[in-house]
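Presented below is the structure to which this report refers.
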Amino acid sequence: MNVFQPEAPLLQVHNVTRYYGDRIGCLDVSFDLWPGEVLAIVGESGSGKTTLLNCLSTRLAPTAGAIEYRMRDGAMRNLYQLTEAERRLLMRTDWGFVHQNAADGLRMNVSAGANVGERLMAVGDRHYGNIRSTADDWLGRVEIESDRIDDDPRSFSGGMRQRLQIARNLVTRPRLVFMDEPTGGLDVSVQARLLDLLRRLVADLGLSVVIVTHDLAVARLLSHRIMVMRHGNVIEAGLTDQVLDDPREPYTQLLVSSILQV
Amino acid sequence: MAVRLYLNSVGKTFTMHLQGGTVIPVVEKVEFSVDAGECVVLGGPSGAGKSSILKMIYGNYRCDQGQILVTVGDEIVNVAGAKPRDILKLRSDTIGYVSQFLRTIPRVSAEDVVAEPLIAQGSSEEEGRDKARTLLARLNVPERLWTLPPATFSGGEQQRVNIARGFIAHYPILLLDEPTASLDAANRAVVVRLVEEKKAQGVAMVGILHDQDVRQEIADRIIDVTSFSSEVAA
Amino acid sequence: MNDTAQIFDQGEYNFAYLDEQTKRMIRRAILKGIAIPGYQVPFASREMPMPYGWGTGGVQVTASILGKDDCLKMIDQGSDDTTNAVSIRGFFEKTAGVRTTYETSEATVIQTRHRIPEKGLREDQVLVFQVPIPEPLRFLEPRETETRKMHALEDYGLMHVKLYEDIAKNGHIATTYAYPVKVNDRYVMDPSPTPKFDNPKIDQMPALQLYGAGREKRIYAIPPYTKVKSLDFDDYPFEVQKFDKPCGLCGAENVYLDEVILDDQGGRMYVCSDSDHCEERRANGHLGPMAADPAATHFAGGASEETVQ
């Protein structure tokens, strides 16, 4: 049924498998991700969701399988056949990666403005004034006051760091953003604000997102589609509200029934 | 009149793996159609499966058996077998759902919550907000609340915000899940008028309405869901 | 022939201290460096009879290129008679017995720490730099594997992050030495720890420039007449520091000046950092505003010594 959306998928994942020695990281995972679509990968610790995310984002080569991505020129390219230079360019222009621990995704010893401006400078922007005003604009969009632009992220709270990390990733207008437990380790109220911010940015920018989370509430709020992983396998996948409201697999039913009702 | 929605031999069961794999049959052989401009009300006691049918049409519950056919332009789409992104597309353009409960989104104002579906269909923000204000006024939501996030509103106010959100956009098919429950008479009357307006626009509606008066006023047809109940059902 | 040269003649050391195999190895690294301007060539740096930080890299490069006919000039912070220059000059006098000089134009090999002579260099001269930290990206990216990859992929955005920080914190690019340059439109290089005042001299220089980092085991080079551009922003172009006074002794303008404290009552003067340049100007009759000041006279020094083999 292609009558609605004739456009092509952004990311095509074919039978991606990753072994750690004899042990399975993730097994035979396939899916398509479409422009503007948010896919949540849920499951408990050790279920293989982070392994899968790392394989998708070219941070960890899969043992088997292929991942294809539609480049900005429209060509479908196998990610693991890109040259290192192409891969790096992709990662800092067309992609973003939001780490659970903001310190992993930020340069902690340079200012917030430089953190946001780095990608611009990396792709050849050489006008200080423009770089700074773009950085300022993005800080505003993630609700960081202008007067913090020259402060180190070390002086930022956890929630601010995470918002800064998001701005740093989005400044080049990526089309695909990977997120690894972006709200993990934050206070509940800070989490709510961050989630709302993410929800709006994702919708406004039409981002495609692959988000790994163990928090089903995060998945429900942000994602269109969900994949439930267990022991390295995708055991159930589908529309987020369908999987969460009408779970089929025993494990998914267990996950859903484990949510605390507030 | 053109058929907008056709349920063909639809069946649904739940398998409760956490309770030893108990299979709970909900409905089977559900068969009815809804024409453009028609409002069909599902009747029957609680637990008869009315809500499940509505949720299957919306793609919120999976449909185990049969087909749920929806007319989209010149195409006929089977919700039961549709891919997730096609269901999302149906939800933004074709099928609307008015539920009793508002899933509040933090930090978004009431008028923006209401305007969102219309803007998603391509209207300007200005037009969306204008129409949202009109609807909120009609549903007697106090003007001072419009720019506030609805999370702190009373239950009744939240419900009316949600009704406005459900009615603002143009969907050829609208599902009404107890929209008038616990509304006062004045607001019930507003909802009835909104439904009449949708009918006049040719919208096909399926509703669950316990309120006898409202049902009387808007239902063109009442389908007794107990006739679809699986025999083993309680 | 002086007494130090006798040590060389006694056969205690191979010519210029290093054995011939080591010199070959270093020359190979130098040749590779010349072939790939600005690229840091790893080499098997030897232990030298001086501490790291005293110019062990520069000394090894000089030792490898020195011939018996060469005339060596040693510069430390622009001056020929400060500790580092004196020690290394003495080292080569002892181990190679070559002629040394204070005069820039007379030298064929000039080894320097920090400064490039004010006087333009010629094609028949070689300038050897002592480099403490050759990696311009080091303070931003501590992983060597990563910085090598960044050079390989010409991934230099990070370098501008540093300059951005400078402007953000100081209102201008406050880096005054070890100012990063791009060599031949390809490699970003650290001319460390040369003051940025000298960066324009690196560009299109007729003399060959060799950079040696002993502790870090890297050699890099800029062949004669190579394009070397100091990194900057479009709206914050590269500029060198300006001095509002001329040299107190010789009156030279547009040269790099050192501040000299004359007494503990706040007396001070600015004099040429390049002592040979200053002396030559004074010998030619140029006098600065402080030249007659008795407090300044003992900084003016005597005539240069020379050793003649």
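Chain identifiers are assigned alphabetically (A, B, ...) following the order of the sequence lines, protein sequences preceding nucleic acid strands; residue numbering begins at 1 within each chain.
- If you check the side chains of A:His127 and C:Asp234, you find no donor sitting under 3.5 Å from an acceptor.
- Residue A:Asp22 qualifies as open at atom CG: its count of foreign heavy atoms under 6.0 Å is 12 or below.
- Considering A:Arg87, A:Arg92, A:Arg119 as possible partners of C:Asp155, the one that fulfils the salt bridge (charged side-chain N to carboxylate O under 4.0 Å, His left out) test is A:Arg92.
- In terms of heavy-atom pairs under 4.5 angstrom with chain C, the leader among A:Gly113, A:Gly129, A:Ala122, A:Gly117 is A:Gly113.
- Considering all non-hydrogen atoms of both residues, C:Ala168 and A:Asp150 come closest at CB-OD1, 3.4 Å.
- Remark: the backbone N or O of A:Ser111 is paired with a side-chain donor or acceptor of C:Glu165 at under 3.5 angstrom.
- In A:Arg23, the CZ atom is not crowded: 12 or fewer heavy atoms of neighbouring residues, nucleotides or ligands sit closer than 6.0 Å.
- The number of heavy atoms from other shown groups lying within 6.0 Å of OH (A:Tyr80) is above 12.
- Residues A:Tyr128 and C:Asp235 come closest through the heavy atom pair N-OD1, 2.7 Å.
- Contact annotation: the side chain of C:Glu141 approaches that of A:Arg107 to within less than 4.5 Å [non-hydrogen atoms, C-beta and beyond].
- Remark: C:Lys245 NZ is loosely packed, at most 12 non-hydrogen atoms of other residues, nucleotides or ligands lying under 6.0 Å away.
- For the pair C:Met150 and A:Arg88, the tightest heavy-atom approach, listed with the atom from each and the gap, is CG-NH1, 4.0 Å.
- Residue C:Tyr52 places its OH atom among more than 12 non-hydrogen atoms of other residues, nucleotides or ligands, all under 6.0 Å distant.
- Note that CG of C:Leu153 and CG of A:Leu89 are 10.5 Å apart. Values are rounded to the nearest 0.5 Å.
- Within 6.0 Å of atom CD in C:Gln241, more than 12 heavy atoms from other residues, nucleotides or ligands are found, so the atom counts as buried in its surroundings.
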Full working for side-chain contact (heavy atoms from CB on, under 4.5 Å) between A:Arg132 and C:Tyr164: CA-CA 9 Å; A:Arg132 192 171 172 84; C:Tyr164 171 97; 3.2 Å; yes
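- For C:Tyr236, the part lying near chain A is the side chain, with the backbone staying farther off; criterion is any non-hydrogen pair under 4.5 Å.
- By the 4.0 Å N-to-carboxylate-O rule, A:Glu84 lies too far from C:Arg148 to be salt-bridged with it.
- For A:Asp151, no part lies under 4.5 angstrom from a heavy atom of chain C.
- Counting heavy-atom neighbours within 6.0 Å of A:Asp204 CG, excluding the residue itself, gives a total above 12.
- C:Arg24 CZ: 12 or fewer foreign heavy atoms inside a 6.0 Å radius.
- Comparing C:Leu140, C:Val161, C:Leu163 by how many heavy-atom pairs each has under 4.5 Å with chain A, the most go to C:Val161.
- Nearest heavy-atom pair, A:Ile131 versus C:Phe233, reported as atom, atom and distance to 0.1 Å: CD1-CE2, 3.7 Å.
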